[in-house]
Amino acid sequence: MRVALIGSGGREHALALKIAESPGLEELFVIPGNPGIKSIAQNITIDSSNHQAVVGFCSEKKIDLVVIGPEKPLTEGLADSLRSAGFVVFGPSRNAARIEGEKSFAKQLMQKSNIPTAAFKVFLKEDYNEAITYLHATKYPVVIKADGIAAGKGVIIADTFEDAKEALKECFINCSFGSAGNKVVVEEFMTGQEASIFAITDGTDFILLPAAQDHKRIHDGDLGKNTGGMGAYAPTPFVGGEELKIVSKQIIKPTLEAMKSTGSEFVGCLYCGIMLTAQGPKVVEFNCRFGDPETQVVLPLLKGDFLQLLYSAAIGKINKQAVQISDGTSICVVIASRNYPDSSEKGIEIFGLENFPYESSHIIHAGTKEVNGKIVTDGGRVLGLVTSIEKSDLKLCKEKAYEAISKIKFDGMQYRKDISDKGILAKR
Ligand code: AMP
Ligand code: GLY
């Protein structure tokens, strides 16, 4: 099979590694890819917003399957452009990608189908006064979310009415989130452990991959600012067989049915972010793609033919036996550059990459660049150190991960020291 993968981050490096394991792979191209991917696939410099150029490349290379990694090309309708040109695509249409791109769409769909999620209300910019009246009367803390994609920054947890008013001002008056903030969703605050679950689906049928737990805050102990994700581990002990059954039956199945019935059939990876509340799992968010850094820890737990799984889903006949889930454990520690998430330091040389793979660990590139044969930092989240072991032992996996991380050095590097601790403590 000749495959084109769209994207350039850590998630795409992890996807490329797994696709490259498949016996059915003939050639893999990554658009645009990154320096870490270079040894397993061909990086192709094309702007994925240029649909005509992507379609042209896929025609020229006789591509059998296109896998779209990030949300941006999906919400821009790249899957639609490729399908119209006759290509098989793993990834939802522009309409279906609204499940991530428009939070109010996702919330209303869940409400209609009785899918467990936080209670909410939607306000438009012109409803400012009504929103203020509502916020006066509501319970605190309350969660205020910009409706559109705001680079992970559009969620504000307000402890008081004053904070909530400020958040509303950011969205409606200061327009800090651009048009993403023209509509807001005000949500009930939920408490509990969070988990990320990927459903691989052909639009009707699906399989769930092992649940992961992300670490979104910059500092240990879940303190400090929100980031794109500072690390993850899988499987998480917070999601057992019982929770997976509930997620399947009460969340994924009705969501896919609702999407199909509104003419927005969802084909690809439906990312379900859940909160394990005292009342059971509830949806925090849906994403229209694999998670980053969760993909880096979930894929090493799969045996079998991942490419076959993606292809079969993309053609509408998912082969649920294509992969099997191992008994292993995986941890990804994200290594970020100085000042992330406020800014990122670029062009700093990275040392020690030649030590990998090291025992059970390998390096994922997320924000790097090759300059004169040297690998330098090129973003906030620079690398992911992934450690995977074959047994169910999170504590051992963590020890191995942090031993391996000492082999990497660059000026200003920062990483959390407590990735997977919540899972380790839960098991005791
Ligand atoms: P989201 O972008 O929707 O995933 O939100 C980012 C983070 O905000 C989530 O991972 C949660 O930690 C938190 N969050 C979002 N919605 C809620 C909610 N209704 N209650 C509590 N925390 C929330
Ligand atoms: N790790 C969170 C996300 O991919 O959205």
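Start at 1 and go down the list; that is how both ligands and their atoms are numbered. The shown structure was predicted, so the numbers you read here are calculated from the model rather than taken from an experiment.
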**Request:** May I ask you to check if ligand 1 and Lys145 share an N or O to N or O distance below 3.5 Å?
**Result:** yes
**Request:** Locate the shortest heavy-atom distance separating Lys409 from Met413; write the atom from each residue and the value.
**Result:** CA-SD, 3.6 Å
Who's closest to [atom] heavy-atom-wise, of [options]?
atom                    : options                        : result
atom 8 (O) of ligand 1  : Val155, Asp222, Ile144         : Val155
atom 4 (O) of ligand 1  : Glu194, Lys103, Glu285, Met190 : Glu285
atom 23 (C) of ligand 1 : Met275, Glu100, Arg217, Lys216 : Met275
atom 5 (O) of ligand 2  : Glu285, Arg289, Glu100, Glu71  : Arg289

So, is the end of the [X] side chain (NZ or CZ) under 6.0 Å from the ring centre of [Y] and within 45° of the ring's axis?
X      : Y      : value
Lys422 : Phe238 : no
Arg11  : Phe290 : no
Lys400 : Tyr402 : no

Could you check [atom] against the protein and tell me its nearest heavy-atom contact, residue, atom and distance included?
atom                    : answer
atom 13 (C) of ligand 1 : Ile157 CD1, 4.2 Å
atom 18 (C) of ligand 1 : Val143 CG2, 3.6 Å
atom 19 (N) of ligand 1 : Glu187 OE1, 2.7 Å

Can you name the atoms of ligand 2, numbered from 1 with element, that are less than 4.0 Å from a heavy atom of [X]?
X      : value
Glu294 : 1 (N), 2 (C), 4 (O)
Gly291 : 4 (O)
Gly228 : 1 (N)
Asp292 : 1 (N), 2 (C), 4 (O)
Asp214 : 1 (N), 2 (C)

Salt bridge or not for [X] and [Y], using N-O below 4.0 Å?
X      : Y      : value
Arg83  : Glu265 : no
Lys303 : Asp327 : no
Glu21  : Lys18  : yes

**Message:** Assess the residue pair Glu187 and Lys282 against the criterion (salt bridge (Lys or Arg N to Asp or Glu O under 4.0 Å)); give the C-alpha distance rounded to whole Å, side-chain angles, the decisive distance to 0.1 Å, and a yes or no.
**Reply:** CA-CA 13 Å; Glu187 253 184 46; Lys282 290 190 183 181; over 6 Å; no
**Item:** Contact partition for Glu188 relative to ligand 1, non-hydrogen atoms under 4.0 Å
**Value:** backbone
**Complete:** Going by the 4.0 angstrom heavy-atom rule, the piece of Tyr271 near ligand 2 is side chain
**Prompt:** Is it the side chain, the backbone, both or neither of Arg11 that has a heavy atom closer than 4.0 Å to ligand 2?
**Reply:** neither
**Message:** Distance under 4.0 Å to a non-hydrogen atom of Phe189: what atoms of ligand 1 satisfy this?
**Reply:** 20 (N), 21 (C)
**Message:** Pairing donors with acceptors under 3.5 angstrom, does anything connect the side chains of Tyr358 and Glu403?
**Reply:** yes
**Asked** Does the protein place any heavy atom closer than 4.0 Å to atom 15 (C) of ligand 1?
**Response** yes
**Message:** Surrounding NZ of Lys169 (heavy atoms of other residues, nucleotides or ligands, distance under 6.0 Å), is the total greater than 12?
**Reply:** no
**Request:** Among Asp418, Asp421, Thr329, Thr387, find the residue that satisfies the side chain to side chain donor-acceptor pair (under 3.5 Å) test when tested with Lys398.
**Result:** Asp421
